[in-house]
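Worksheet: one structure, shown below.
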Amino acid sequence: MKQSHLFTKTRHEVPKDEVAKNAQLLIRAGYINKEMSGVYSYLPLGLRVMNKVVNIIREEMNSIGGQEVHLAALQDRKLWEATGRWDDSVVDNWFKTKLKNGGDIGLGFTHEEPLTNLMKDHIRSFRDLPIAVYQFQTKFRNEERAKSGIMRAREFLMKDLYSFNVDEKSHQDFYEEAKKAYIRVFDRLGIGAQTYVTFAAGGSFSKYSHEFQTITDAGEDIIYVHKDKRLAVNRDVLNDEVLKDLRISRSDLEENKAVEVGNIFSLGAKFSDALGLNYKDAEGKLRPVIMGSYGIGPGRVMGTIAELWSDDKGLVWPESVSPFAIHLIALFDSEGKVKKVTDDLYEKLTKKSVEVLYDDREETAGTKFSDSDLIGISKRIVVSEKTLRENSVETKDRRTGKVEMVKSINDLLLE
Ligand code: ATP
Ligand code: MG
């Protein structure tokens, strides 16, 4: 993509009410637009990052047998009444609205109810199980506080996977596979080192659930980290019992602020019982399907990466989610030599399917470099009169700042 065609511009000012670093940087660099408090739109650069995050999650969900769907966002009141979750005194973050011909509907904040109901048409016997279904979908939550930028939005993308098993044992096996897949996801997203499997409240069906908490001062949660064992305990459940269960002592734990980037939850038969999702076992006896739910917020992840991977100049994307692989910057000369060589390099890289943002604008070197630092593409290539004199181009790693002169364009392509 040529930067002269990219409609978004970098900017110095951010909305006055935007206090979160992630949103400030992403707005300044042209990744997102703030519509109102807690509501953000994703622009071309932002959508590219989001899609990369989504694809990494998708690959890992497919690797554990997940089948992708896309459920409706609008919710049928009846289903939620059946599980007792329609009432605002039970779930206080619903967005609801009235239909013209009478009746209420809700905007989905999660999808256990509709998916459990849908599965009644597809699960009959033990032969139909296990099943794992997931989606990437916009969720709506009337969050009370929206001060964390895209990390806590009122409208946000969620990957939610739901598992359906014959019994607790097979559910547990899948749960462990999902946990491993989550660890792979956060490693690939470049936040593995800061992310801890965290013991949290389990609801009524398992003693604990597991949150994936990433340490950052921008987080709203407090967790207690056991660095050696690479696990953590959420403040909400920190007591003698959990220390005993995990065979750890309080003095080995370090308090940290963190953000919940994902969580996995055993649901038992809560939803199957309420909505009548049963299967026939080998003896022909009806049994409830055992369920689990597994969430990740790709937008929250993107905000977390922006918090962790940024410096005073701007964003510093990990390669795996960088909107482009290369930011190609041409410092034009008056004779058009640099332009010719860079146009040619851009063509070649693009033909090789390398994702390149080509800064072909008539701007000063200073503007191009500071915009490039702000946008934060993981690798920069500079072509200038100076590099041409040496018959080479200059590459710079955004994270390490390491500069290298690459002699031939072929060397560059082979990397
Ligand atoms: P929190 O405790 O932070 O409010 P939650 O426990 O309600 O989150 P879930 O309902 O389990 O979260 O949602 C699954 C995932 O969706 C979370 O782990 C998080 O990554 C993401 N998520 C939840 N709420 C938001 C939000 N308001 N904005 C962006 N992402 C969110
Ligand atoms: Mg939570």
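Hydrogens, waters and symmetry mates are skipped; everything else that's a heavy atom, side chains included, is used. Order of listing sets the numbers, starting from 1, for every ligand and every atom in it. Because the structure is predicted, anything quoted here is derived from the model rather than measured.
- The closest approach of E260 to the Mg ion (ligand 2), by N/O/S atoms, is made by OE1.
- Contact between E211 and ligand 1 is absent, with no heavy atom of the residue lying under 4.0 Å from the ligand.
- Here's the thing with A153: one of its N/O atoms is less than 3.5 angstrom from an N/O atom of ligand 1.
- No side-chain donor-acceptor contact under 3.5 Å links E254 and H226.
- In terms of protein heavy atoms, atom 11 (O) of ligand 1 is closest to N263 ND2, 2.7 Å.
- Taking 4.0 Å as the cut-off between side-chain N and carboxylate O, D167 and K169 do not count as a salt-bridged pair.
- Considering each of R300, R152, M302, the one bringing a non-hydrogen atom nearest atom 24 (N) of ligand 1 is R300.
- For atom 6 (O) of ligand 1, the closest heavy atom belonging to the protein is E260 OE1, 3.2 Å.
- For ligand 1, the polar-atom distance check against F156 finds no nitrogen or oxygen pair separated by under 3.5 Å.
- Here D88 pairs with K96 in a salt bridge; the nearest charged N to carboxylate O distance falls below 4.0 Å.
- Inspection of the S266 and Y175 side chains reveals no N or O donor paired with an N or O acceptor under 3.5 Å.
- For the side-chain hydrogen bond (donor to acceptor under 3.5 Å, both in side chains) criterion with D373, the lone passing option out of K313, R380, H327 is R380.
- Residue contacts with ligand 1: V261 is included, with a non-hydrogen atom under 4.0 Å away.
- Within the 4.5 Å cutoff, the side chain of L115 has heavy atoms near those of the F164 side chain.
- Within the 4.0 Å heavy-atom criterion, the part of M158 lying near ligand 1 is the side chain and not the backbone.
- Distances from the Mg ion (ligand 2) show that D221 has no N/O/S atom below 2.8 Å.
- When all heavy atoms of P323 and Y31 are compared, the closest pair comes out as CG-OH, 3.3 Å.
- Relative ring orientation between W80 and W94 is described as perpendicular, the plane-to-plane angle rising above 60° on a 0-90° scale split at 30° and 60°.
- Of all heavy-atom pairs spanning I131 and M119, the tightest one is CG2-CE, 4.0 Å.
- Considering both main-chain and side-chain atoms, G297 comes within under 3.5 Å of ligand 1 through a nitrogen or oxygen pair.
- Residue contacts with ligand 1: G262 is included, with a non-hydrogen atom under 4.0 Å away.
- Distances from atom 7 (O) of ligand 1 to the heavy atoms of M151, R141, K139, E220 show the closest one on R141.
- Within ligand 1, counting atoms from 1 as listed, the ones closer than 4.0 Å to a heavy atom of E143 are 24 (N), 26 (C), 27 (N).
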